[in-house]
Peer 1: 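Below: one structure in structure tokens.
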Amino acid sequence: MLAVDYVNPMIGTIGHLLTSTAPVVSLPHGMMKLAPITTPGIADKYLADRIFGFPAGCGYLLPVRDLAAAEPSGRSSRYDHDLETAAPYAYKVLLEDEDIEAEMTVSHQSAHYRFRYASRPEAGLIVGYPAGGSFRRLSDRAVRFGGTVAGVPHFTQLEFSQPVELVRTWASERQAGCVLRAAAGAGVLEVRASISHIDGEQAERNLRRELAGCSFEETRLTARETWQRALGRLGVTGGTEEQKTIFYTSLYRSLLNMSSITEDGRYYSAYDGRIHDSEGRDFYVADNIWDTYRCLHPLQLLLDPERKQDMIQSYVRMYEQSGWLPQFPFVQGDLPVMTGNHTAALIYDVYNKGYRNFDAAKAFEAMKVNATQITMLPWVHGPLTELDRVYLEQGFYPALRHGETERVPEVHGFERRQSVAVTLEHAYDDWCVAQMAQSLGQEEDYAAFAKRGQNYRNVYNEANGFMSPKSADGEWVEPFDPKYGGGLGGRDYFSECNAWIYSFHVQHDIEGLIALMGGPEQFEARLDALFEEQYDGSKYRFLGQFPDATGLIGQYCQGNEPAFHIPYLYNYTPSPWKAQRRLRDIMKLWYQATPTGICGDEDNGAMSSWYVFSAMGLYPICPGKAIYEIGSPLFEKTELALPGGGTFTIRAEGVSARNKYIQSADIDGRPLEEPRIRHEDIAAGAALTLRMGERPNKAWGTGVRYAGQTDKA
């Protein structure tokens, strides 16, 4: 079976507590994204009982038979998952109320729909678009509509396989639309659609370039082949059919974004509201950088380094157009979501792994601007505040004392200060800025930011052994509960998790963190306690306060990104075998080939990319260091096709559900005593061999570096 045939887009369509995924039809990094529009208010897509249409840019299409219905804007149909087929490249469903089979497939900026009407008195189509938008009938086989959504211009061109006539139009406060009738007796109506953010003429050009003369089956086949090429870069042998399904579905979700919005060498940028020449490089948007810097971007770098460098150059362009590096760059501009200057981690990680096809000097300038001129407050855009000055002067972000009322007007009313998380995340980002500065010969900046990279030490409370909040006067906020302190989502002090998780949030100086916690043995005991500690009450009380902290094993929460690297920290203790055991538990418990098979919010591919790496047996514990920790692979052989030819191979001899422990390892025949490998070995096409057994070899992998030793790899 081909890789593309293993993908099940229904995995994750029921959320464990918060959001779910959707069965998205797209090309890898494509501009056109399609998924059925289901019942409003039902967040779990799989549980929605009705379909209200199919997207077409800023509008939607819904095939119907009864054209005389009073309110076309509210039309919908029941559907049955047993009469539904979903793949990365196509979607098909029976609209039961209408007795119409609806299909859609995709190109980069275009979509191809096919509607089969079982009974043919009338073959109708409802077209909806934004209220106040434009609609133009170009001919009896083509229409164009457009509108502005979140400040961004949208244009859609539709072309029909049969002549259509306009039956009527409607408009409401939020929506407008029309009803079209196909030529009498048309049993099948095909619709080709294309989108643009530039103008209507460009939408038409996009359609001509991508779909002119293509049948529905040809468009579908091209999309399928495109996905097979992308997914086929990672080949796996062995494992169960379910593991392959989860693996390739995870890889599919890891390749949906960032999305190129370049159209014939031009792109619209919301970062300055202008249309730009792409200068031969695609412009990418749609990134949850707080979530994706950890392992999604490193995974994409392995698969397609040229594209990744274009993405970084896109970030540089956004900086040039807006004056800062975005937090969550989308087509409508930068969204002030989450915290941190994590684009610094993305940029330096790519640079340090040897990929330099972007303006590194300008990228560093942007990293430095964000680190010195932009507020660190969560979910806020703007200049420095008095709280930022405390960080710059004292090395920690200040928390409110108990009973103290928020008086800083810039603080987000719901998201709060998140003071400890801000300190820890920016300390890591500042380390990345420091390394980039040193690489570019900026020694003064290197010294300043390297010092800031140690700010994590300022919020470690030796008295309780946790990263803890301090008030502006430098005093610990007391009393402090590491489990429940900080209110909803821990937001007074943390970002969606508690001190049990954030106390391990020092990716860039693991050896220093180990020393703070008392040495390798004590650090190992702290990790053990994390996976064993319970709730001090009911589980529903805990999840009621921390709804993002799903996928629980003790206080460890696989369902939120700050936990991702933590199991691999065992590789820095005397017991790397515990990482192997925990990782197998996590993959088995919290990733399944079912609608509930993703244990947290997918966050633009973040959850899935963790599984891809971990199933391979590797993980980039610290983006910015050109190393990957070794875990416990699921497959007998994993092959990564390298861009310039050649293959990086992981062989896990004797691997099985029971045989999860590494007995010995070598790379290209050289014995490997540390539980990690270098990026340069992967890029050179090395072969990593792991010999697996059912009981741990507690001596393997213990040749690690502890406190006082550094690794700038």
Side-chain angles (χ1 to χ4, degrees), residues 6-26 33-55 76-88 90-96 104 240-257 288 291 296 489 496 539-540 542-553 556-561 563-564 585-612 614-615:
Y6 280 106
V7 177
N8 177 4
M10 292 301 174
I11 292 176
T13 50
I14 298 176
H16 278 238
L17 211 57
L18 297 176
T19 67
S20 74
T21 63
V24 175
V25 177
S26 176
K33 298 284 195 294
L34 306 173
I37 301 167
T38 53
T39 312
I42 300 180
D44 293 315
K45 297 296 183 181
Y46 194 85
L47 301 180
D49 58 341
R50 304 190 72 84
I51 287 177
F52 284 70
F54 305 95
S76 66
S77 175
R78 293 186 182 277
Y79 71 109
D80 184 340
H81 288 300
D82 292 332
L83 304 175
E84 177 187 44
T85 304
Y91 175 86
K92 180 167 68 173
V93 68
L94 177 67
L95 301 177
E96 294 181 291
M104 56 184 177
T240 66
E241 292 298 286
E242 181 183 34
Q243 287 169 340
K244 289 177 181 175
T245 295
I246 300 167
F247 181 82
Y248 282 115
T249 304
S250 296
L251 185 55
Y252 141 76
R253 292 214 175 269
S254 301
L255 295 176
L256 288 170
N257 286 309
N288 297 26
D291 309 280
L296 182 135
E496 303 177 349
K539 188 174 182 180
Y540 65 78
F542 181 85
L543 288 173
Q545 183 173 341
F546 294 98
D548 296 272
T550 49
L552 287 166
I553 304 176
Y556 175 82
C557 56
Q558 178 61 30
N560 210 356
E561 286 78 7
F564 278 4
D585 285 346
I586 294 166
M587 286 187 278
K588 181 179 179 180
L589 289 172
W590 294 122
Y591 290 84
Q592 287 127 27
T594 67
T596 57
I598 299 176
C599 62
D601 294 356
E602 175 63 292
D603 289 324
N604 229 354
M607 285 284 149
S608 289
S609 61
W610 184 94
Y611 185 88
V612 173
S614 296

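Atom set for the values below is all heavy atoms of this structure, side chains included, hydrogens, waters and symmetry mates excluded. The structure displayed is predicted, hence computed values, not measured ones.
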Peer 1: Identify the two heavy atoms, one from G489 and one from F546, that lie closest to each other, and give their separation to 0.1 Å.
Peer 2: C-CE2, 3.5 Å
Peer 1: Which heavy atom of G605 sits nearest a heavy atom of S254, and at what distance?
Peer 2: O-OG, 3.9 Å
Peer 1: If I compare all heavy atoms of A593 with all of E242, which pair ends up nearest, and what's the gap?
Peer 2: N-OE2, 3.3 Å
Peer 1: Run the numbers on I11 and I598 for side chain to side chain contact (heavy atoms under 4.5 Å, CB included), then give the verdict.
Peer 2: CA-CA 7 Å; I11 292 176; I598 299 176; 4.0 Å; yes
Peer 1: Any chance you could measure Q558, atom CD, to L552, atom CG, to the nearest 0.5 Å?
Peer 2: 10.5 Å
Peer 1: Can you list every salt bridge (charged side-chain N to carboxylate O under 4.0 Å, His left out) pair that touches residues 41-52, not counting sequence neighbours?
Peer 2: R50-D97
Peer 1: To the nearest 0.5 angstrom, please state how far the OG1 atom of T19 sits from the CD1 atom of I14.
Peer 2: 13.0 Å
Peer 1: The criterion is side-chain contact (heavy atoms from CB on, under 4.5 Å); which residues satisfy it with A48, sequence neighbours excluded?
Peer 2: T38, T39, I42, Y79
Peer 1: For side chain to side chain contact (heavy atoms under 4.5 Å, CB included), just list the numbers for V93 and F54, CA-CA rounded to whole Å, side-chain angles, deciding distance to a tenth of an Å, and then say yes or no.
Peer 2: CA-CA 11 Å; V93 68; F54 305 95; 4.0 Å; yes
Peer 1: Give a yes or no on whether the backbone of I51 and the side-chain of S77 come within a donor-acceptor separation of less than 3.5 Å.
Peer 2: no
Peer 1: Can you find a pair of side-chain heavy atoms, one from D548 and one from D601, that are under 4.5 Å apart?
Peer 2: yes
Peer 1: For A615, what residues pass the side-chain contact (heavy atoms from CB on, under 4.5 Å) criterion, not counting sequence neighbours?
Peer 2: F247, M587, Y611, L634, F635
Peer 1: Check for a donor-acceptor pair, side chain of R253 on one end and backbone N or O of S609 on the other, with a separation under 3.5 Å.
Peer 2: no
Peer 1: Side chain of Y591, backbone of Q243: donor and acceptor closer than 3.5 Å?
Peer 2: no
Peer 1: Please list all pairs meeting side-chain hydrogen bond (donor to acceptor under 3.5 Å, both in side chains) that have one or both residues in residues 6-18, counting only residues at least two apart or in different chains.
Peer 2: Y6-E241
Peer 1: Considering residues at least two apart in sequence or located in another chain, which fulfil the side-chain contact (heavy atoms from CB on, under 4.5 Å) criterion with N604?
Peer 2: N257, N288, T292, F330
Peer 1: D291: what forms a side-chain hydrogen bond (donor to acceptor under 3.5 Å, both in side chains) with it, not counting sequence neighbours?
Peer 2: none
Peer 1: Treating D80 as the side-chain partner and D82 as the backbone partner, does any N or O pair qualify as donor plus acceptor under 3.5 Å?
Peer 2: yes
Peer 1: Given 3.5 Å as the limit, does a donor-acceptor pair link the side chain of N560 with the main chain of A549, or not?
Peer 2: no
Peer 1: State whether the side chain of S250 and the backbone N or O of W610 hold a donor-acceptor pair below 3.5 Å, judged by distance alone.
Peer 2: no
Peer 1: For E84, check side-chain hydrogen bond (donor to acceptor under 3.5 Å, both in side chains) against everything at least two apart and list the hits.
Peer 2: H81, Y91
Peer 1: Can you list the residues that meet the side-chain contact (heavy atoms from CB on, under 4.5 Å) rule with S26, with sequence neighbours excluded?
Peer 2: V24, K33, L256
Peer 1: Considering non-hydrogen atoms only, spot the tightest contact between S20 and G15 and give its length.
Peer 2: CB-N, 3.6 Å
Peer 1: Which value, rounded to the nearest 0.5 Å, describes the distance between K244 atom NZ and L251 atom CG?
Peer 2: 14.5 Å
Peer 1: Do you know the tightest heavy-atom contact between P9 and P88?
Peer 2: CG-N, 4.0 Å
Peer 1: So do Y46 and T596 actually touch side chain to side chain, heavy atoms under 4.5 Å?
Peer 2: no
Peer 1: My understanding is that only residues two or more places apart in sequence, or in another chain, count here; which of them pass side-chain hydrogen bond (donor to acceptor under 3.5 Å, both in side chains) with E602?
Peer 2: S608
Peer 1: Who are the ring pair (Phe, Tyr, Trp, His ring centres under 6.0 Å) partners of Y556, not counting sequence neighbours?
Peer 2: F531
Peer 1: Can you list the residues that meet the side-chain hydrogen bond (donor to acceptor under 3.5 Å, both in side chains) rule with Y252, with sequence neighbours excluded?
Peer 2: none
